[in-house]
K.L.:
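Pasting a structure here, questions to come.
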Amino acid sequence: MKVTVKKKENHIPVVISTEFIKLQDAMKFANIVYSGGEAKTLIQEEQVKVNGEVCTMRGKKLYPGDKFEFDGQVYLISIHA
């Protein structure tokens with residue numbers, strides 16, 4: 001018998017009602033930061049990953065299915081049904 005262990009991925013959903021959301025706006029929407037300036041600083045300091053890679057573009061467009069990570073927490077962009 002073969003046993004496969006899968007890591008359960010814990011993420012916080014960020015539900016949007018538009019086609020995309022910019023990274024800095026997603027961080028504000030998820031209550032990670034209070035202002036765009038704070039988001040800009042964290043992004044430029046390479047503290048944010050998008051889909052597993054460090055991202056330094058605060059205007060990066062995130063679409064449903066994209067993930068971003070900050071401070072060890074993963075956020076999943078999903079669309080409001």
K.L.:
Is Tyr75 reachable from Ile79 through a run of I, L, V, M, F, W or Y residues, each pair having side-chain heavy atoms under 4.5 Å apart?
P.N.:
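They do share one cluster, since a chain of ILVMFWY contacts under 4.5 Å joins Ile79 to Tyr75.
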K.L.:
How about Val48 and Met27: do any of their side-chain heavy atoms sit closer than 4.5 Å?
P.N.:
yes
K.L.:
Which heavy-atom pair separates Cys55 from Lys60 by the least distance, and what is that distance?
P.N.:
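Here Cys55 and Lys60 meet closest at SG-CB, 3.9 Å.
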K.L.:
On a heavy-atom basis, which atom in Pro64 and which in Glu19 lie closest, and how many Å separate them?
P.N.:
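Smallest interatomic distance, heavy atoms only, reads CD-O, 3.5 Å.
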K.L.:
So does Asp66 get a backbone contact from the side chain of Asn51, meaning a donor-acceptor N/O pair under 3.5 Å?
P.N.:
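Side chain of Asn51 to backbone of Asp66, a donor-acceptor pair under 3.5 Å: no, none is there.
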K.L.:
Evaluate whether atom CZ of Phe29 has more than 12 neighbouring non-hydrogen atoms of other residues, nucleotides or ligands under 6.0 angstrom away.
P.N.:
no
K.L.:
Decide yes or no for Phe20 and Leu62: does some side-chain heavy atom of the first lie under 4.5 Å from some side-chain heavy atom of the second?
P.N.:
no
K.L.:
What is the distance from atom OG1 of Thr18 to atom OH of Tyr63, rounded to the nearest 0.5 Å?
P.N.:
10.0 Å
K.L.:
May I ask you to say whether Asp25 pairs ionically with Lys22, meaning some side-chain N is under 4.0 Å from a carboxylate O?
P.N.:
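Result for this pair is no, no salt bridge flagged.
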K.L.:
Are Ile77 and Phe68 side-chain neighbours, meaning at least one heavy-atom pair lies under 4.5 Å?
P.N.:
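Yes, at least one pair of side-chain atoms sits under 4.5 Å.
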K.L.:
Say whether Leu76 and Ile32 are linked into one hydrophobic cluster, either directly or through other cluster members, by side-chain heavy-atom distances under 4.5 angstrom.
P.N.:
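No, Leu76 and Ile32 fall in different hydrophobic clusters.
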K.L.:
Do Gln47 side-chain atoms and Ile43 backbone N/O form a donor-acceptor pair below 3.5 Å?
P.N.:
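Pair absent, no side-chain N/O of Gln47 close to backbone of Ile43.
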K.L.:
Do Val54 and Lys49 make a side-chain contact, defined as non-hydrogen atoms from C-beta onward lying under 4.5 Å apart?
P.N.:
yes
K.L.:
Return the minimal non-hydrogen interatomic distance between Arg58 and Lys40, and the atom names on each side.
P.N.:
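Where Arg58 meets Lys40 most closely, the heavy atoms are NH1-CD, 3.5 Å.
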K.L.:
Report yes if some heavy atom in the side chain of Val50 is under 4.5 Å from a heavy atom in the side chain of Leu23; otherwise report no.
P.N.:
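Touching, per the 4.5 Å side-chain cut-off.
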K.L.:
I need the minimum non-hydrogen distance between Gln24 and Ala39, along with the two atoms involved.
P.N.:
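Heavy atoms only, the tightest pair is CB-CB, 3.9 Å.
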K.L.:
Does any non-hydrogen side-chain atom of Thr56 lie less than 4.5 Å from one of Gln44?
P.N.:
no
